[in-house]
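Okay, structure first, notes after.
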Number of protein chains: 2
Amino acid sequence: MGVEFGGDCSSTAALLMSSKTAAAEARAVRSHSEAERRRRQRINGHLATLRGLLPCAARLDKAALLAEVVKRVRELRKRVEEVEVEVAVPGEGDEVGVEEAEAGGGQGRVVRAWVCCADRPGLMSELSRAVQSVRARAMRAEMVTVGGRTRSLLELDVGDAAATAVTMEAGDGRSALQAALWAVLLRNQTGPVENFSKRARKSTRFGAT
Amino acid sequence: MGVEFGGDCSSTAALLMSSKTAAAEARAVRSHSEAERRRRQRINGHLATLRGLLPCAARLDKAALLAEVVKRVRELRKRVEEVEVEVAVPGEGDEVGVEEAEAGGGQGRVVRAWVCCADRPGLMSELSRAVQSVRARAMRAEMVTVGGRTRSLLELDVGDAAATAVTMEAGDGRSALQAALWAVLLRNQTGPVENFSKRARKSTRFGAT
DNA sequence: CTCGACACGTGAGGC
DNA sequence: TGCCTCACGTGTCGA
């Protein structure tokens, strides 16, 4: 309302203010609105792309769509961090690690163990036997091999560890597991155990987050 | 420009058009602009959240930010589809599947196999031996166990399969692998093989995208 | 001064 | 009718 009368007002204003920039301003104003329109097109185009990318979020409020996008990004980011950062590309050095997992699962102690070494046939079986040898159970295992080197991550349920090894403390259980894993790793080597400590790197990280 | 004169124009218009809705429209107009302002706040709020969520995309154009978000969502969606949809939560029915992977890795045929069955100690070792029995090599393995049921995904390098089994065609190699995996699965059962086909579900999906 | 990005108010259209 | 969402043109600030 009042816009159709605004023509008179603005023309009056134009006559009053700048006399020389009459048609020049007209072009400037038009280019301005066109540029703004293009900007909106870019934004809404990306918004439409996101709408297509999200499965459930067709026909959604522009704001609600963005909220949904935020949710999805958070979910996916968490998923990736869970499984991808942990099992990274195998490193150059041989490595064995054991650490307590955060107390999320509930009953039974959960331990996270990883081994990085040269790949060889049967390695998976040997690791599995090592796990069994300390009375642990693999809840979840992941392994990646590239360029002849392999890295395995084992999420182990060590039950109520005290029951299976009454005389052991928790620390002994961990080092038993670690020793078994080291044994698997060293079975690959030419010489026996004399370079044991030399090959040990940042093993048995504990409580790292 | 002309807006400061618009006050006169609009009041004139108000006097001319509807005499009774004078102050009512004033309130309506104000509420409208306020609502619109709130709408903008919601959108920009979510936009800011996304800005914080993306690592590299601080201080970015609003449109460029959305483009970056689109990119991230595509990346993450691909990642998740690669490793998470395949290794989903173990189903209720026993299942063995073998399929050719897309030709991404380069040399050597890559086969993707999965097994879903009841969990038991030593299952991992048996699966590993089954893989070895068909002269395949595990490039990558993933396994998830929940509620006593387990599902494993194996990405196998079957080398140049023709070399290890000269008389075999590719199809025979696949079914050999599948038979070995079925053998592992059935070792768990009470009765032997009579319910073989009853337990077979959507096994040996092939070429699915 | 021009260009690009932003927030604002406003008209149109959908429940 | 009122409320809501959207696109539009515009004023404004900063390179």
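Protein chains get the first letters and strands the later ones, always in sequence-line order, with residue 1 at the start of each. Scope of the values below: all heavy atoms of this structure, side chains included, with no hydrogens, waters or symmetry mates.
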Problem set entry | Closest-nucleotide ordering on DNA chain D, the 5'-leading residue of Arg30(A) and Ser31(B) | Ser31(B)
For this session: Start with the C-alpha distance between Arg39(A) and Glu36(A), add both sets of side-chain angles, then the distance that settles salt bridge (Lys or Arg N to Asp or Glu O under 4.0 Å), and finish with yes or no.
Result: CA-CA 5 Å; Arg39(A) 191 179 87 96; Glu36(A) 180 66 7; 3.5 Å; yes
For this session: Work out which heavy atom in Leu156(B) is nearest to a heavy atom in Ala138(B); give both atom names and the distance.
Result: CD2-CA, 3.8 Å
Exercise. What pairs with Arg129(B) under salt bridge (Lys or Arg N to Asp or Glu O under 4.0 Å), at least two apart in sequence or on another chain?
Worked result: none
Problem set entry | Between dA7(C) (P) and His32(A) (NE2): distance, integer Å | 14 Å
Exercise. How close or far is atom P of dC3(D) from atom CD of Glu25(B), stated in whole angstroms?
Worked result: 13 Å
Seminar exercise, completed: Between Arg51(B) and Ala57(B), the two heavy atoms sitting closest are CG-O, 3.4 Å
Exercise. Can you check side chain to side chain contact (heavy atoms under 4.5 Å, CB included) on Ser152(B) and Leu127(B), steps first, answer last?
Worked result: CA-CA 9 Å; Ser152(B) 307; Leu127(B) 285 179; 3.6 Å; yes
Exercise. Going by number, which of residues 33-69 of chain A have a non-hydrogen atom under 4.0 Å from DNA chain C?
Worked result: Glu36(A), Arg39(A), Arg42(A)
